[in-house]
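All ligand and atom numbering here is 1-based and tracks the order in the structure. Just the heavy atoms: all of them, side chains too, but no hydrogens, waters or symmetry mates, feed the values below.
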Amino acid sequence: TLPTSVRVFEVGPRDGLQNEKVQIPTEQKIQFIQMLAEAGLPVVEASSFVSPRAIPQLSDAATVMTHLKRLTTVDYPVLVPNLKGMERALAAGVRSIAVFTAASESFTRHNINATIAESLANFRPVLELARQEDIPVRGYISTVFGCPYEGAVDPQRVLEVAQELLAAGVAELSLGDTIGVATPIQVVNVLELLLNAGLPVQQLGVHFHDTRGTALANVLAALQVGITTVDSSAGGLGGCPYAPGAAGNLATEDLLYMLHGMGIQTGVDLDKVVAATAYIAPFLGHAPASKYYQAAMAA
Ligand code: HMG
Ligand code: MG
């Protein structure tokens, strides 16, 4: 059976833009975020308070967050890797955050220069501040379905990291197919392992990159085992600079088209997402990958 509604977690302004080579002006990023929020997306992940040397594109996170006109109905989380990032985020008025680690050691080393255990230790003071400030925390686990450096990843390792994040006070998890290698039966197998271990399905979301064209099929498989939070990126923008070969995220437009066509509600206006993508497209220097977007533009 399929859910009657899905929470679409928009990551375009963060996961999408972080991989763009050309520096996008801050003002246009803010407008892009506002257009996505006005499209009815319940969550618009807005930026990252990481090292500006790691991700130069998002070094304007503080300006974005302080100038953004927010809707009270929308969450605008940002990525936070450590206490320094949390302090910068709080100073910029952030009220929702995400921490991020992975299920494979080599990716974690390349991405955040830490072991998985060290990353979890770095989150402790971040989670403590979040608790004091009543700020909800999402926890990303990357390389759940495969690692660019190690290849296959043991689902048991995913379970251990997931349990540690939930025990540390993370409210929800996002399971990342960082390099877009997952296929549907694998998705079901990994999710069933987590669910059979007692992880609550409402606390799990899926995050597929569409590198090999399997993202929508993977979403359908995840919905069939009860998942109702799906990450996507307007236009299919995205990737991860520390994951060689990672293409864009699953496109929000393609996801919405499939969900709405199956009678699954999202509360999101697909035409308005297309308009947001059309707004940011000229600043990217390449065409957005979303199939639905391309079809809409050709019509
Ligand atoms: P490090 O070099 O080990 O950190 O980097 P450090 O503590 O030694 O600090 C080095 C310098 O960075 C210092 O500056 C710090 O002050 C500064 P210096 O004294 O040399 O001038 N620094 C910071 N500056 C601003 N904000 C901060 C911050 N922290 C340190 N928060 C670190 C470790 C984690 C900081 C770095 O590796 C980093 O920022 N990594 C982020 C990488 C990233 O953003 N990757 C993409 C997001 S993850 C992703 O896309 C996957 C996901 O989509 C899910 C999926 O698809 O799988 C979520
Ligand atoms: Mg990602």
| query | Of all the atoms in ligand 1, which lie at a distance below 4.0 Å from a heavy atom belonging to His207? | reply | 53 (O), 54 (C), 55 (C), 56 (O)
| task | Using atom types as modelled and distance alone, determine if a side-chain donor or acceptor of Arg138 lies under 3.5 Å from a backbone N or O of Val78. | result | no
| Test item: Thr214 side-chain N/O and Asp210 main-chain N/O as donor-acceptor pair under 3.5 Å | no
| Element-labelled atoms of ligand 1 that are located less than 4.0 Å from some non-hydrogen atom of Pro52 | 24 (N), 25 (C)
| request: Answer yes or no for Arg53: is there a heavy-atom contact with ligand 1 below 4.0 Å? | output: yes
| note | His209 heavy atoms within 4.0 Å reach ligand 1 at atoms 56 (O)
| Backbone or side-chain N or O of Asn111 under 3.5 Å from ligand 1 N or O | yes
| task | Could you give me the CA-CA distance, side-chain angles and deciding distance for Ile30 and Phe32, then say whether side-chain contact (heavy atoms from CB on, under 4.5 Å) is met? | result | CA-CA 5 Å; Ile30 293 170; Phe32 182 46; over 6 Å; no
| query | With a 4.0 Å cut-off, would you call Glu253 and Lys291 a salt bridge? | reply | no
| query | Counting only heavy atoms, which portion of Ser142 has something under 4.0 Å from ligand 1: side chain, backbone, both, or neither? | reply | both
| message | A side-chain contact here means heavy atoms from C-beta on lying under 4.5 Å apart; do Val153 and Cys147 qualify? | response | yes
| Side-chain contact, heavy-atom cut-off 4.5 Å: Leu90 with Ile135? | yes
| query | Near Asn82, which atoms of ligand 1 are under 4.0 Å from a heavy atom of that residue? | reply | 27 (C), 28 (C), 29 (N), 30 (C), 31 (N), 35 (C)
| message | Please state which option from Asp231, Asn113, Ile55 has its nearest heavy atom closest to atom 3 (O) of ligand 1. | response | Asn113
| message | Evaluate Asp177 for polar contact with ligand 1, using N/O atom pairs at a separation under 3.5 Å. | response | no
| Within the distance-only criterion (no hydrogens, no angle test), does the side chain of Gln224 pair as donor or acceptor with the backbone N or O of Leu2 below 3.5 angstrom? | no
| field | Close approach, Ser48 and ligand 1, non-hydrogen under 4.0 angstrom | value | no
| task | Please find out if the Mg ion (ligand 2) and some N, O or S atom of Asp231 are separated by less than 2.8 Å. | result | no
| said: Is the contact between Leu79 and ligand 1 made by the side chain, the backbone, both, or neither, using heavy atoms and a 4.0 Å cut-off? | reply: side chain
| query | Can you tell me the N, O or S atom of Asp15 that's nearest the Mg ion (ligand 2)? | reply | OD2
| message | Under 4.0 Å between a side-chain nitrogen and a carboxylate oxygen: does that hold for Glu128 and Arg131? | response | yes
| Backbone, side chain, both or neither: what part of Val50 comes under 4.0 angstrom of ligand 1, heavy atoms only? | both
| request: Just to the nearest 10 degrees, tell me the angle at the Mg ion (ligand 2) spanned by His207 NE2 and His209 NE2. | output: 90°
| task | Fit a plane to each ring of Tyr140 and His207, take the angle between them on a 0 to 90° scale, and name the class: parallel (under 30°), tilted (30 to 60°) or perpendicular (over 60°). | result | perpendicular
| note | Contact region, Ser51 to ligand 1, non-hydrogen atoms below 4.0 Å, reads both
| query | Using heavy atoms and a threshold below 4.0 Å, how should the contact between Arg14 and ligand 1 be classified: side chain, backbone, both, or neither? | reply | side chain
| Do Thr277 side-chain atoms and Gly235 backbone N/O form a donor-acceptor pair below 3.5 Å? | yes
| Between His286 and Glu20, do the side chains contain an N or O donor and an N or O acceptor separated by less than 3.5 Å? | yes
| request: Please confirm whether Phe49 comes within less than 3.5 Å of ligand 1 when only nitrogen or oxygen atoms on both sides are compared. | output: yes
| field | Any N/O pair Phe100/ligand 1 closer than 3.5 Å | value | no
| request: Evaluate the criterion side-chain contact (heavy atoms from CB on, under 4.5 Å) for residue pair Ser5 and Thr266; output intermediate values, then yes/no. | output: CA-CA 6 Å; Ser5 69; Thr266 64; over 6 Å; no
| field | Region of Asp15 engaging ligand 1 - heavy atom pairs below 4.0 Å | value | side chain
